Amino acid sequence: MQAFTQHTGIVAPLDRPNVDTDAIIPKQYLKSIHRTGFGPHAFDDWRYLEPGEPGMDHSKRKKNPDFVLNQPPFDRATILLARENFGCGSSREHAVWALDQFGFRAVIAPSFADIFFNNSFKNGLLPIVLPSETVDRLFQAVTARPGLELTIDLESKTIRGLGDEVLTFDVDDFRRYCLLHGLDDIGLTLRHADEIRAYEARRKVEAPWLF
Amino acid sequence: MAARTLYDKLWEMHVVRQEDDGTALLYIDRQLVHEVTSPQAFEGLRLAGRQPWRREAMLAVPDHNVPTLGRRDAGVEGIADPVSREQVATLDANCAEFKIVEFKMNDVRQGIVHVVGPEQGFTLPGMTIVCGDSHTSTHGAFGALAFGIGTSEVEHVMATQTLIQKKAKNMLVRVNGHVGPGVSAKDIILAIIGKIGTAGGTGYTIEFAGEAIEALSMEGRMTLCNMAIEAGARAGLVAVDEKTIEYVRGRPFAPKGEMFERAAAAWRELRSDPGAPFDRVVELNAADIVPQVTWGTSPEMVVPVTAVVPNPDQESDPVKANGMRKALAYMGLSANQPIESIAIDKVFIGSCTNSRIEDIRAAAAVIKGRKKAASVKLAMVVPGSGLVKKQAEEEGLDKIFMEAGFEWREPGCSMCLAMNADRLEPGERCASTSNRNFEGRQGQGGRTHLVSPAMAAAAAIAGHFVDVRHF
């Protein structure tokens, strides 16, 4: 997994609540058996004027000029600013892969759906929860000054770039540790293999019908 | 010992290791696998040179991509779309390589993963159950802690039989009293989502309780827990009672004989202690719940069939009002339009929410002796599994549908998410028994209204939404 330490980038505003994972990556692209190739399909239905199918030459499809990520400088954005309940719906990790492969390193929102939130950490995409009022102010700032850059520092859990203000956010210690070091947690868990085996031995006695 | 909720008990039973930061290593008893979210996980195992920790704890079944037309004898070769075919063939190959039990396309036991698990007794009370699919919450109907995970976590469970998790908060949704005739589990859960919103359950595990929930069949409880995720909760739960135990008894993967009785004794403890503390309690009166219809592009955009489409000008929250306007534009509806005036083009009866035998019976009861409206281009019934289909055919339900002008299809996820050939065309409007009305969910530009099986059946006959209680 790619590590996340500090990142500076342009912020793109996606001003609608309940952005679901079907919108982030439509179902026809989930037929891929690979982990890559999702970047061109992030927000596919909103981003292109014509319907898309796997296998098409997507560089030739007509883009929707009204969609924020098609408008400079937001087409170069690496931080997505969103509204509440971002990433709701399907568990598809392809949604995180699509955002990551589009170029996003972080998503800022007042709240995230639980499965999307978990999936993000597994792929080095940092989901940041900020209070609604702060998110409102960020929307105003980005609208007033398109191209606004923020600097996110995971070590100190701070965001700079909104004047002199330093915003702070919270992340679980273990998730922060894994993200800072780009650690694959299967390897970390397997260090506890003996404890897993001991648990299984105990459960085989308590609840043998489970085995 | 302090009074504990059912969720507290299930959680504590499965903690392998507790970390200081509040996360825990949680043991996973069962993993269900389908073709869409597993290929990258199997590939991860291969790249790392790992083997599944406990292959017999897994059961695989292709469901999202399978066609619902044509015979199943040909198996994978019967899938016309080469991209879909490759994904199902990849599941077959991975299950063969890693020696995982799979019900292939031509197996009568094949079906939607969340229908198959309970039907086979692979889902048992007291278990932790995961699947790379958000509707894994369905299995919570059995007093099991079941939730959807992403592909990285699918691989983590394959490799370690555990997950690193943080405990959620406890929410109790109590539905007091009894629902009237024509009101189903689907209407109950839609009414709950309408009340608490699609993010209302975020960060919680929801336990559903109260007389109306106790009165539900196991099928109804599955419908209810299935859509806990649409209320934002990864897991929904219903306490174990004798209905749960009798449903499980005799199923192929369930324990047998004396072992079953021993298990059943343990399962009877799977309920919240009296006075157990919940972080949030929501109460509804069952008698107030009438058949529900969604009007927008989020399951929380739902109203009674007797109501009108809401007006965004009357919404005080500007973010919400903006979302409502976008939804109305997408859905091609106007504020204050009566729900019963909305005409439909297609009807879909199926999905992991509503494709079990009881759902099919409920729809058939409405349709019997009637005909689909000429204005409805397609009405289709997609049973949840080969065994549901067989049972329905033994009861003669397939004939009722076909005589009414419905299509009777082969099992799979079908038009719930349109990964196979079943989909809406741009602008088409569908009465659907599925779980999500997101933009493009049933096909790009398609317009989805979520309803119960009986309501979908009535809409197919009338050509527009009608109150099934007076139909």
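Chain letters run A, B, ... following the sequence lines, proteins first, then strands; residues in each count from 1. Small disclaimer: the values here were computed from a predicted structure and weren't measured.
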Are Ile149(B) and Asn118(A) close enough, and set up right, to give a side-chain contact (heavy atoms from CB on, under 4.5 Å), and what steps lead you there? CA-CA 8 Å; Ile149(B) 55 178; Asn118(A) 270 318; over 6 Å; no
Where do Lys31(A) and Glu86(B) land on the side-chain contact (heavy atoms from CB on, under 4.5 Å) test, with the steps shown first? CA-CA 8 Å; Lys31(A) 295 179 187 181; Glu86(B) 186 190 16; over 6 Å; no
Apply side-chain contact (heavy atoms from CB on, under 4.5 Å) to residues Ile186(A) and Glu155(B) and explain how you reach the verdict. CA-CA 8 Å; Ile186(A) 293 178; Glu155(B) 184 184 342; 3.6 Å; yes
Arg50(B) and Leu190(A): CA distance, side-chain angles, deciding distance, side-chain contact (heavy atoms from CB on, under 4.5 Å) verdict: CA-CA 11 Å; Arg50(B) 289 176 177 134; Leu190(A) 286 173; 3.6 Å; yes
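By number of non-hydrogen pairs under 4.5 angstrom with chain B, the leading residue of Glu93(A), Arg92(A), Arg203(A) is Glu93(A). Among Ile33(A), Leu188(A), Asp15(A), Asn85(A), the residue with the largest count of heavy-atom pairs under 4.5 Å with chain B is Ile33(A). For the set Arg175(A), Lys122(A), His192(A), Glu84(A), the count of heavy-atom pairs under 4.5 angstrom toward chain B peaks at His192(A). Interface check for chain A: of the options Gly232(B), Gly203(B), Ser298(B), Gly201(B), the most heavy-atom pairs under 4.5 Å are formed by Gly203(B). No other option in Pro39(B), Ala263(B), Pro255(B), Gly323(B) has as many heavy-atom pairs under 4.5 Å with chain A as Ala263(B). Among Glu43(B), Gln165(B), Met13(B), the residue with the largest count of heavy-atom pairs under 4.5 Å with chain A is Met13(B). Ranked by heavy-atom pairs under 4.5 Å with chain A, the list Ile164(B), Val154(B), Thr23(B) is led by Ile164(B). In terms of heavy-atom pairs under 4.5 angstrom with chain B, the leader among Pro54(A), Gly89(A), Pro17(A), Gly55(A) is Gly89(A). Of the listed residues (Thr90(B), Asp21(B), Val15(B), Asn435(B)), the one with the most heavy-atom contacts under 4.5 Å to chain A is Asp21(B).
Judged by distance alone, the side chain of Gln87(B) and the main-chain N or O of Leu30(A) form a donor-acceptor pair under 3.5 Å. In this structure a side-chain-to-backbone donor-acceptor pair under 3.5 Å is missing from Arg16(A) to Asn322(B).
In this structure, the portions of Thr151(B) lying under 4.5 Å from any heavy atom of chain A include both its backbone and its side chain. With a threshold of 4.5 angstrom between heavy atoms, Ala266(B) approaches chain A through side-chain atoms but not through N, CA, C or O. Within the 4.5 angstrom heavy-atom criterion, no atom of Pro26(A) approaches chain B. Contacts between Asp44(A) and chain B at a heavy-atom distance below 4.5 Å are absent for every atom of the residue. For a residue to count as touching a neighbouring chain, one of its non-hydrogen atoms must lie under 4.5 Å from one of that chain's; by this rule Ala193(A) touches chain B with backbone and side chain alike. Proximity to chain A (any heavy atom under 4.5 Å) is shown, for Val88(B), by neither the backbone nor the side chain. Only the backbone of His34(A) has a heavy atom closer than 4.5 Å to any heavy atom of chain B. Of the two parts of Arg54(B), only the side chain, counted from C-beta on, holds a non-hydrogen atom closer than 4.5 Å to a non-hydrogen atom of chain A. Neither the backbone nor the side chain of Ser111(A) has a heavy atom closer than 4.5 Å to any heavy atom of chain B. Contacts of Asp136(A) with chain B are absent, with no heavy-atom separation under 4.5 Å from either backbone or side chain. Heavy-atom distances place the side chain of Gln161(B), and not its backbone, under 4.5 Å from chain A. Heavy-atom distances place the side chain of Arg423(B), and not its backbone, under 4.5 Å from chain A. Using a 4.5 Å cut-off between heavy atoms, Ala233(B) makes no contact with chain A at all. Proximity to chain A (any heavy atom under 4.5 Å) is shown, for Thr198(B), by both the backbone and the side chain. Both the backbone and the side chain of His14(B) have a heavy atom closer than 4.5 Å to some heavy atom of chain A. Heavy atoms of Asp20(B) lying under 4.5 Å from chain A are absent altogether.
Using a 4.5 Å heavy-atom threshold, the side chains of Glu300(B) and Asn18(A) count as touching. Leu25(B) is not listed as a side-chain neighbour of Glu195(A), based on a closest heavy-atom distance of 4.5 Å or more. With a 4.5 Å cut-off on side-chain heavy atoms, Thr162(B) and Tyr199(A) do not count as touching. Here the side chains of His94(A) and Gln40(B) are in contact, with some heavy-atom distance below 4.5 Å.
A distance of 10.0 Å separates CD1 of Ile196(A) from CZ of Arg17(B), quoted to the nearest 0.5 Å. In this structure, CG on Asp317(B) lies 9.0 Å from OG on Ser132(A), to the nearest 0.5 angstrom. For the atom pair CG (Leu124(B)) and CH2 (Trp209(A)), the distance works out to 9.5 Å, reported to the nearest 0.5 Å. The line from CD of Gln28(A) to CG of Asp81(B) is 11.0 Å long, rounded to the nearest 0.5 Å. Once rounded to the nearest 0.5 Å, the distance linking CH2 of Trp53(B) with CD of Glu200(A) reads 6.0 Å.
Summarising the geometry of Ile115(A) relative to Ser134(B), their closest heavy-atom pair is CD1-CB, 4.0 Å, with the distance given to 0.1 Å. Closest approach of Arg30(B) to Leu210(A), counting heavy atoms only: NH1-O, 3.2 Å. Contact detail for Thr202(B) and Phe112(A): the closest heavy-atom pair is CG2-O, 3.4 Å. Shortest non-hydrogen contact noted between Gly440(B) and Asp45(A) is CA-OD2, 4.3 Å. Closest approach of Arg35(A) to Ser152(B), counting heavy atoms only: NH2-OG, 3.6 Å. Between Arg262(B) and Val205(A) the shortest heavy-atom distance is NH2-O, 3.2 Å.
Within 6.0 Å of atom NZ in Lys320(B), 12 or fewer heavy atoms from other residues, nucleotides or ligands are found, so the atom counts as exposed in its surroundings. Under a cut-off of 6.0 angstrom, the local environment of CD in Gln2(A) is crowded, with over 12 non-hydrogen atoms contributed by other residues, nucleotides or ligands.
No salt bridge links Arg436(B) with Asp20(A); every basic N to acidic carboxylate O contact stays at or beyond 4.0 Å.
Of the options Asp114(A), Asp173(A), Asp172(A), a salt bridge (Lys or Arg N to Asp or Glu O under 4.0 Å) to Lys166(B) is made by Asp172(A) and by none of the others.
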